[in-house]
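Structure, as structure tokens:
Lettering follows sequence order; numbering is per chain, from 1.
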Number of protein chains: 2
Amino acid sequence: MTPSLSVPETKLLDTLQRRLDAQAPSPTFEELRVALRLTSKNQVSQLVAGLEQRGYIARAAGRKRTLTLLRGSDGRPYHLTRVVHVPLLGLAPASFGQDTLDGFAPDEYLALTQDLVPDETGLYALRVSGDSLSDAHINDGDLVVLRQQQEASDGDLVQVWLRREDAATVKRYFRQGKIIWLHPENRALKPRCYPEEDVRVQGKVVLVLRSLERALAA
Amino acid sequence: MTPSLSVPETKLLDTLQRRLDAQAPSPTFEELRVALRLTSKNQVSQLVAGLEQRGYIARAAGRKRTLTLLRGSDGRPYHLTRVVHVPLLGLAPASFGQDTLDGFAPDEYLALTQDLVPDETGLYALRVSGDSLSDAHINDGDLVVLRQQQEASDGDLVQVWLRREDAATVKRYFRQGKIIWLHPENRALKPRCYPEEDVRVQGKVVLVLRSLERALAA
DNA sequence: GTGAGATTAGAACAAATGTTCTAACACATT
DNA sequence: AATGTGTTAGAACATTTGTTCTAATCTCAC
């Protein structure tokens with residue numbers, strides 16, 4: 001709380017932030033009146049006008065229930081973000097045995113934000129099982145978020161569909177002419193090569209998430 | 001798109017989801033009418049009623065502009081999340097040279113979600129610099145999110161304030177009686193021990209984030 | 001072709017919600 | 001004590017927003 005904010009102002013800003021953080025409707029003046037335990041909407045109106053004038057909040061003119069936060073009660077800018085729902089499709093590196101990602105209907109989504117994945121197109125998540133990615137510093141239990149794509153560059157960590165094995169896997173990708181080398185990220189396992197027509201790139205790892213408190217999306 | 005949804009229904013649901021994901025005000029019927037290129041709010045009203053009846057959307061009775069999404073146009077449940085703003089306080093393991101986290105005013109926040117950090121109390125983030133945590137599979141450039149706390153258990157990865165060195169650091173914590181052992185997570189570096197009164201636990205690592213696409217919160 | 005039901009359209013209406021107005025009260029200054 | 005300013009309170013008012021009503025048009029089955 002900065003010294004220039006009164007208690008009701010602080011409470012108003014906190015109430016608004018809670019609503020916004022919760023993806024809930026912006027409060028009306030009446031709802032704020034109740035939350036701040038005031039006895040007249042007029043006081044809310046005045047608080048709102050003052051805070052708007054000082055750049056803490058904004059509203060869309062001529063539109064009801066559109067209060068938004070510009071600056072929190074601590075005085076710091078509040079930046080709106082975009083929530084990104086990423087489908088959790090299964091396990092990596094293996095066990096996710098689909099040859100195509102289209103039309104797959106996951107039951108589970110992981111809510112991320114634009115800060116983590118600025119580009120939200122074509123994302124999906126896999127839970128890492130085992131230690132085959134440990135040399136990439138990706139652990140058992142981690143979540144990896146991938147972007148669907150069909151091309152890869154050398155050194156990219158990708159999910160590929162292996163046609164002959166009828167299986168998908170996650171490995172580091174290297175191309176030598178018409179040969180694709182797939183390196184497991186574990187020294188104990190061997191790189192293997194495949195003719196390019198036997199390897200279909202499905203997605204590229206773009207984000208790694210590890211909780212040390214509890215399983216993510218469990 | 002599921003086969004039981006009409007084109008206007010799909011567009012309505014998508015419009016609503018975009019608003020919710022963006023932490024923007026729920027649309028009015030008139031705004032939906034414009035977005036769906038209809039000529040009468042009555043059609044919106046009917047779409048809304050139908051979708052509400054089928055469990056795709058909900059609204060707060062007797063409250064304007066409160067449409068919310070229960071199920072997306074793909075038919076999958078849409079779960080609201082909570083956005084969690086985590087202050088980015090500096091670098092880890094070292095360089096963040098404060099003996100206390102209170103009153104620190106960061107310029108930068110990272111927006112996460114409740115899915116990643118179910119408990120949002122006392123969180124802050126540090127950017128990892130260097131390879132001193134590499135044995136913990138935490139890389140240079142990763143972000144670590146910590147929870148402020150003053151106690152730690154053996155094996156916890158914690159930020160501590162070292163009184164004699166007038167410095168903070170992030171290491172793995174082990175206690176032997178009145179001696180605290182702090183293990184860097186890099187085989188090349190040595191564990192060091194400190195009398196307990198010289199070590200103040202400031203926070204514990206709860207989440208590790210690594211983007212392979214671009215720097216997070218840059 | 002005819003009739004019934006659904007869809008579309010727009011106006012009228014009702015209710016939610018923000019704004020303005022009036023008045024009382026509290027506090028500081030002269 | 002009187003005056004001026006700010007705060008509080010609630011009613012009246014204005015505007016936004018959802019609901020209902022009416023009518024025309026379209027679609028489909030018989």
Side-chain angles (χ1 to χ4, degrees), chain A residues 1-20 22-70 73, chain B residues 1-20 22-70 73:
Chain A
M1 187 176 69
T2 63
S4 65
L5 289 176
S6 67
V7 169
E9 284 172 333
T10 300
K11 285 178 72 173
L12 189 152
L13 294 173
D14 293 345
T15 300
L16 184 53
Q17 180 161 349
R18 266 195 306 277
R19 285 286 186 94
L20 290 180
Q23 298 184 279
S26 180
T28 62
F29 284 18
E30 176 63 17
E31 284 160 5
L32 285 169
R33 181 196 68 76
V34 171
L36 274 62
R37 294 184 172 80
L38 301 173
T39 51
S40 165
K41 287 189 293 182
N42 187 43
Q43 277 140 284
V44 174
S45 184
Q46 284 168 353
L47 287 170
V48 166
L51 289 169
E52 185 181 25
Q53 219 264 327
R54 289 144 71 191
Y56 281 91
I57 60 179
R59 48 186 166 167
R63 291 185 186 279
K64 316 280 180 195
R65 204 190 273 274
T66 58
L67 275 194
T68 192
L69 193 64
L70 298 179
S73 60
Chain B
M1 187 174 68
T2 64
S4 66
L5 288 176
S6 67
V7 169
E9 284 172 333
T10 300
K11 285 178 69 173
L12 188 151
L13 293 172
D14 293 345
T15 300
L16 183 54
Q17 179 161 350
R18 269 197 302 280
R19 285 285 186 96
L20 290 180
Q23 297 183 280
S26 181
T28 63
F29 284 18
E30 177 62 18
E31 285 161 4
L32 286 169
R33 183 196 68 75
V34 172
L36 274 61
R37 295 185 171 78
L38 301 174
T39 52
S40 165
K41 289 188 291 180
N42 187 42
Q43 277 139 284
V44 173
S45 184
Q46 285 169 355
L47 289 170
V48 167
L51 289 168
E52 184 180 27
Q53 218 264 325
R54 288 144 71 192
Y56 281 90
I57 60 176
R59 48 186 166 169
R63 292 184 185 277
K64 314 284 182 191
R65 207 192 272 275
T66 58
L67 277 193
T68 192
L69 192 64
L70 298 178
S73 59

Taken to the nearest whole Å, CG/L32(A) to P/dA16(C) is 18 Å
Closest non-hydrogen contact found for P8(B) with L36(B) is O-CD2, 3.4 Å
With the side chain defined as heavy atoms from C-beta on, T39(A) is closest, among dG18(D), dA9(D), dT19(C), to dA9(D)
Separation of dA15(C) atom P from E30(A) atom CD, nearest Å, is 17 Å
In whole angstroms, the gap separating P of dA14(D) from NZ of K64(A) amounts to 13 Å
Here the distance between atom P of dT7(D) and atom CG of L36(A), to the nearest Å, is 15 Å
Whole-Å distance, R63(B) CZ to dG18(C) P, equals 11 Å
When rounded to whole Å, the CZ to P distance for the pair F29(A) and dT8(D) reads 16 Å
Inset, instruction - Please confirm whether any donor atom in the side chain of K41(B) sits under 3.5 Å from an acceptor in the base of dG18(D), or the reverse. - result: yes
Taking dG10(D), dT8(C), dT8(D) as options, the one with an atom nearest any side-chain atom of S40(A) is dG10(D)
With the side chain defined as heavy atoms from C-beta on, R65(B) is closest, among dT17(C), dT17(D), dG10(D), to dT17(D)
Minimal heavy-atom distance between R65(A) and P25(B), with the atoms involved, is O-CB, 4.2 Å
Checklist entry - Looking for any heavy atom pair under 4.0 Å, which part of the strands does R33(A) touch: base, sugar-phosphate only, or nothing? => result nothing
Review item, side-chain donor-acceptor pairs of residues 43-55 of chain A, under 3.5 Å, at least two apart:
residue : atom : partner : partner atom : Å
E52(A)  : OE1  : R59(A)  : NE           : 3.1
E52(A)  : OE1  : R59(A)  : NH2          : 3.0
R54(A)  : NH1  : E9(A)   : OE2          : 2.7
R54(A)  : NH2  : S4(A)   : O            : 2.9

Q43(A) atom CD is separated from dA24(C) atom C1', nearest whole Å, by 13 Å
To the nearest angstrom, the CG-P distance between L38(B) and dT7(C) comes to 13 Å
- Do any side-chain nitrogens or oxygens of R37(B) fall under 4.0 Å of OP1 or OP2 in dT8(C)? no
Side-chain atoms of Q46(B) come closest, of dT8(D), dT20(D), dT8(C), to dT8(C)
Distance col, row K41(A):NZ vs L32(A):CG, nearest 0.5 angstrom, shows 11.5 Å
Which of dT17(D), dT8(D), dT19(C) is nearest the side chain of R59(A)? It is dT19(C)
Closest non-hydrogen atoms of S26(A) and T66(A), given as atom of the first, atom of the second and distance, are OG-C, 3.8 Å
Out of dA9(C), dT17(D), dG18(D), minimum distance to the side chain of N42(B) belongs to dA9(C)
